[in-house]
Protein chains: 2
Amino acid sequence: MTITSHQHQAGDLHFLKRLNRSAILEMVRRTPGMTRADIATRAQLTKATVGGGVQTLLKQGWLVEGELLKSSGGRPGRALHLNDQRHVLLGAEVSVHGLQVIACTLSGKTLHQRHIRMAPDAPDTTAEALAELIREVIDHPELNERQLLGLGVALPGPIAPDRPLLHLAPNLGWRDVRFLDLLRTKLPALGGRWLLDNEAKAAAFGELYFRTDKIPESLLYVSAGTGIGSGIVGGGHWPLVTRGTHGLAGEIGHTVLQPGGLYCHCGNRGCAETLVSGWALRAALGVGEEEDLVDTLLHRQREPEVGLALKRAGEALGTLLLNLHHTLDPAEIVLGGSLTRLGTPLLKPALEYFTANQNRLLGTTQQRPLRIIDDSTFTAARGAAAEVLANTIHAAA
Amino acid sequence: MTITSHQHQAGDLHFLKRLNRSAILEMVRRTPGMTRADIATRAQLTKATVGGGVQTLLKQGWLVEGELLKSSGGRPGRALHLNDQRHVLLGAEVSVHGLQVIACTLSGKTLHQRHIRMAPDAPDTTAEALAELIREVIDHPELNERQLLGLGVALPGPIAPDRPLLHLAPNLGWRDVRFLDLLRTKLPALGGRWLLDNEAKAAAFGELYFRTDKIPESLLYVSAGTGIGSGIVGGGHWPLVTRGTHGLAGEIGHTVLQPGGLYCHCGNRGCAETLVSGWALRAALGVGEEEDLVDTLLHRQREPEVGLALKRAGEALGTLLLNLHHTLDPAEIVLGGSLTRLGTPLLKPALEYFTANQNRLLGTTQQRPLRIIDDSTFTAARGAAAEVLANTIHAAA
DNA sequence: GGAGGTATGTTCAATCTTTTTACTTACCCT
DNA sequence: AGGGTAAGTAAAAAGATTGAACATACCTCC
């Protein structure tokens with residue numbers, strides 16, 4: 001995604017009008033049921049301006065009027081809601097385990113989702129399979145008559161921040177792939193905005209963007225699967241993902257936790273991934289690629305060797321969380337990825353370490369909100385869909 | 001500083017005008033010698049709008065007209081420059097070693113600076129001493145007739161992101177100090193904007209904000225002194241500092257590099273600061289508080305014990321840099337703080353490790369720009385002054 | 001050396017968006 | 001039922017940018 005939002009830019013009257021309409025739309029999206037008067041107060045605009053903007057957004061089908069609210073002494077306000085019937089967002093993810101496609105509404109409600117298990121394959125073959133899955137989702141009756149706003153695709157590797165290019169996905173065996181271009185040849189008719197993002201960054205964005213109450217000012221998503229990735233998103237009402245110059249931001253799997261430790265596939269020693277990751281657990285416990293790692297370990301969890309390995313991996317995960325806490329200080333942390341299904345044996349040591357040490361510096365007793373997603377199959381795909389919406393609202397509205 | 005820039009806000013016509021004037025001012029600041037026509041092209045505004053804005057900024061004394069530029073076929077453009085004669089920015093820093101105050105112009109040129117060595121003392125006593133130093137700087141003839149835009153103060157500890165409150169400065173022995181309020185009682189007559197920031201974040205901001213050529217899209221400042229801190233600033237033409245929910249972002253001294261390692265003063269084990277920091281080197285090599293650490297070690301650098309300690313500290317610093325690279329992926333890294341004066345014995349191992357491993361993930365050979373500031377005495381103070389300017393331009397222009 | 005060409009910068013009426021002001025609508029309380 | 005209060009709308013007024021014409025200034029070419 002290429003939101004150039006906080007570039008220090010100038011603007012004309014048309015820009016101002018779009019800015020105000022975006023602000024209205026964002027407010028109603030974030031706080032369903034707001035009235036025109038509420039918006040005017042919060043946005044520091046006059047009733048007339050808001051009235052005009054709302055009228056346009058109603059006519060264009062972005063908003064719908066809802067129920068009449070309780071009066072607070074005078075004429076009661078009319079609730080405004082997103083029009084959840086008119087549009088559809090598509091999100092997709094290529095992961096090590098398979099392909100995911102999700103179709104959802106503006107408010108993030110899932111209309112239809114599909115998931116197929118598939119071993120990593122060449123980019124072109126994968127694009128073909130993904131295109132087929134997307135076609136199946138589009139043809140679902142729930143999507144009937146809806147206008148497609150676009151497609152977001154999430155991949156497990158660093159993406160160039162300025163163009164849709166995947167630099168490297170070691171777990172897929174891909175390198176320098178222009179995946180959207182490939183996909184476009186398979187789906188020439190699919191309209192709307194297309195964008196590509198890293199899996200953890202997309203997930204982080206979606207977890208924050210679709211929230212409607214108690215919106216944290218920043219959110220860190222940690223994705224613990226075959227590899228370890230993360231995404232940080234922050235910036236108030238207009239969330240911005242930190243990408244870094246080469247899209248490398250958040251590649252925490254290769255931060256060093258144990259100088260002089262085991263060799264990592266990246267060539268360095270002691271990377272976090274050598275301690276906690278799907279591939280490290282497979283290597284340590286001798287689980288073959290043909291087996292499902294999590295199922296196998298859940299089955300073998302009585303073995304002392306397995307318990308110890310998970311405990312050590314958990315402690316490393318806790319250390320990683322603490323390091324991120326001290327580097328980024330997010331308002332909320334969400335933990336996802338296939339390894340969360342391992343449950344207590346992995347997570348308890350992680351959370352214990354994080355809980356015990358997160359307040360060392362400030363001496364407060366407040367715990368950082370930390371949520372664990374048990375099944376994050378569609379989290380990244382959903383986040384990619386969220387990015388489509390954010391892009392659309394920002395650009396047009 | 002409280003720049004609410006990328007809050008998703010609405011705006012009226014007056015807001016638009018201010019936005020455009022800010023954009024003009026920022027452009028000329030960043031690219032001295034631009035003409036009105038250049039600005040119009042870059043900002044996507046018409047010549048008329050730019051002409052009007054420039055006229056206002058000239059009248060208000062922010063800009064001055066310069067030389068007539070070479071013609072490119074037609075009428076030559078008139079160069080525009082910041083008016084560096086009219087205003088003054090004040091920056092100050094309270095560090096473990098003493099107090100620093102700097103007065104500089106809009107373009108960051110130093111008008112006068114003062115530095116006194118002083119052991120950490122109570123907040124009130126320190127505020128009194130700093131106030132006196134500020135008075136001396138203000139009275140310097142170089143500042144004659146200049147309008148003061150404000151004062152920025154940098155402190156070595158996490159600052160609340162929403163209000164000028166220092167949470168904790170272990171190396172000063174301070175806790176929950178409203179330092180600006182204290183200072184205000186000593187300097188009731190000093191006008192302009194006042195703001196408080198963490199030392200490393202202020203330094204990072206200043207290093208990016210006062211740059212006029214080859215402006216990196218993001219910059220990481222690592223401050224290696226008694227403690228280890230960092231600041232990351234990014235966001236194109238309008239730099240934004242990552243602060244975190246509790247102002248804890250960048251407190252990398254307490255990221256864990258050696259699980260189960262030495263105890264840190266924070267209570268945890270294996271923090272980066274136990275491996276590389278002024279206090280860790282003092283403890284490891286038995287240097288007393290009354291001695292200057294760097295001078296002592298430079299004197300003793302022949303001792304094998306010292307060489308080994310510096311080498312190990314350097315390797316830890318390199319690891320820290322690599323972890324930050326994989327977490328934030330900054331376009332440029334600047335290394336400052338009192339320990340940089342230790343030179344090669346510390347820095348060579350650090351740079352070697354960072355250089356050898358920074359390209360593990362992408363497989364490129366490009367080296368990340370990394371600059372070392374030999375004498376960073378005034379870097380943080382200067383950065384705090386830069387924050388004053390940014391705040392002023394953003395708010396008023 | 002003068003005419004033509006080209007790009008910069010200014011002026012002023014036209015256009016567009018927000019605000020201001022007045023008004024209508026709709027509910028609550030007495 | 002009537003006064004009070006707040007939401008929402010309509011039309012005129014205010015304010016900012018644009019568009020087009022114009023003045024300015026240098027370069028090139030004849």
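These numbers come from the heavy atoms of this one structure, side chains and all, not from hydrogens, waters or symmetry mates.
- Along DNA chain C, the nucleotide nearest A:Leu68 and the nucleotide nearest A:Thr46 are compared for position; the residue whose nucleotide lies closer to the 5' end is A:Thr46.
- Residues passing the side chain to side chain donor-acceptor pair (under 3.5 Å) test with B:Thr105 are B:Asp84, B:Ser107, sequence neighbours excluded.
- For B:His81, there are no ring-ring contact (aromatic ring centres under 6.0 Å, His included) partners, not counting sequence neighbours.
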List, with names and distances, any nitrogen or oxygen atoms from the protein found under 3.5 Å away from nitrogen or oxygen atoms belonging to nucleotides 13-15 of chain D.
none

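- Every salt bridge (Lys or Arg N to Asp or Glu O under 4.0 Å) that B:Glu65 has, sequence neighbours left out, goes to B:Arg36.
- By the salt bridge (Lys or Arg N to Asp or Glu O under 4.0 Å) test, B:Arg184 is found to be paired with no residue, residues two or more places apart in sequence or in another chain being considered.
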Can you pull every protein N or O that's under 3.5 Å from an N or O on nucleotides 5-8 of chain D?
{"residue": "D:dT5", "atom": "O2", "partner": "A:Gly73", "partner atom": "O", "Å": "3.4"}
{"residue": "D:dA6", "atom": "N3", "partner": "A:Arg75", "partner atom": "N", "Å": "3.0"}
{"residue": "D:dA7", "atom": "O4'", "partner": "A:Arg75", "partner atom": "O", "Å": "3.1"}
{"residue": "D:dA7", "atom": "N3", "partner": "A:Arg75", "partner atom": "NH1", "Å": "3.0"}
{"residue": "D:dG8", "atom": "OP1", "partner": "A:Arg78", "partner atom": "N", "Å": "2.5"}
{"residue": "D:dG8", "atom": "OP2", "partner": "A:Arg36", "partner atom": "N", "Å": "3.1"}
{"residue": "D:dG8", "atom": "OP2", "partner": "A:Ala37", "partner atom": "N", "Å": "2.9"}
{"residue": "D:dG8", "atom": "N7", "partner": "A:Lys47", "partner atom": "NZ", "Å": "3.0"}
{"residue": "D:dG8", "atom": "O6", "partner": "A:Lys47", "partner atom": "NZ", "Å": "2.9"}

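- The interatomic distance linking A:Leu16 (CG) with D:dT18 (P) rounds to 12 Å, in whole Å.
- Residue-environment remark: CD (B:Gln366) stays at or below the threshold of 12 foreign heavy atoms within 6.0 Å.
- Applying the side chain to side chain donor-acceptor pair (under 3.5 Å) criterion to A:Asp329, with sequence neighbours excluded, gives A:Arg368.
- Remark: A:His112 pairs with A:His140 by the ring-ring contact (aromatic ring centres under 6.0 Å, His included) rule, at least two apart or across chains.
- Among residues two or more places apart in sequence or in another chain, the side chain to side chain contact (heavy atoms under 4.5 Å, CB included) test is passed with A:Ile138 by A:Leu90, A:Ile134, A:Leu190.
- Qualifying side chain to side chain contact (heavy atoms under 4.5 Å, CB included) partners for B:Glu145, counting only residues two or more places apart in sequence or in other chains: none.
- Separating the CD atom of B:Gln44 from the C1' atom of D:dT17 is a distance of 14 Å, rounded to the nearest angstrom.
- A straight line from CG of A:Asp12 to C1' of D:dG19 spans 13 Å, rounded to a whole angstrom.
- Under the side chain to side chain contact (heavy atoms under 4.5 Å, CB included) criterion, A:Arg371 pairs with A:Glu207, A:Arg211, A:Glu332, A:Val334, A:Ile373, sequence neighbours left out.
- Read 5' to 3', the first and last nucleotides of DNA chain C with an atom closer than 4.0 Å to a heavy atom of chain B are C:dG5 to C:dT19.
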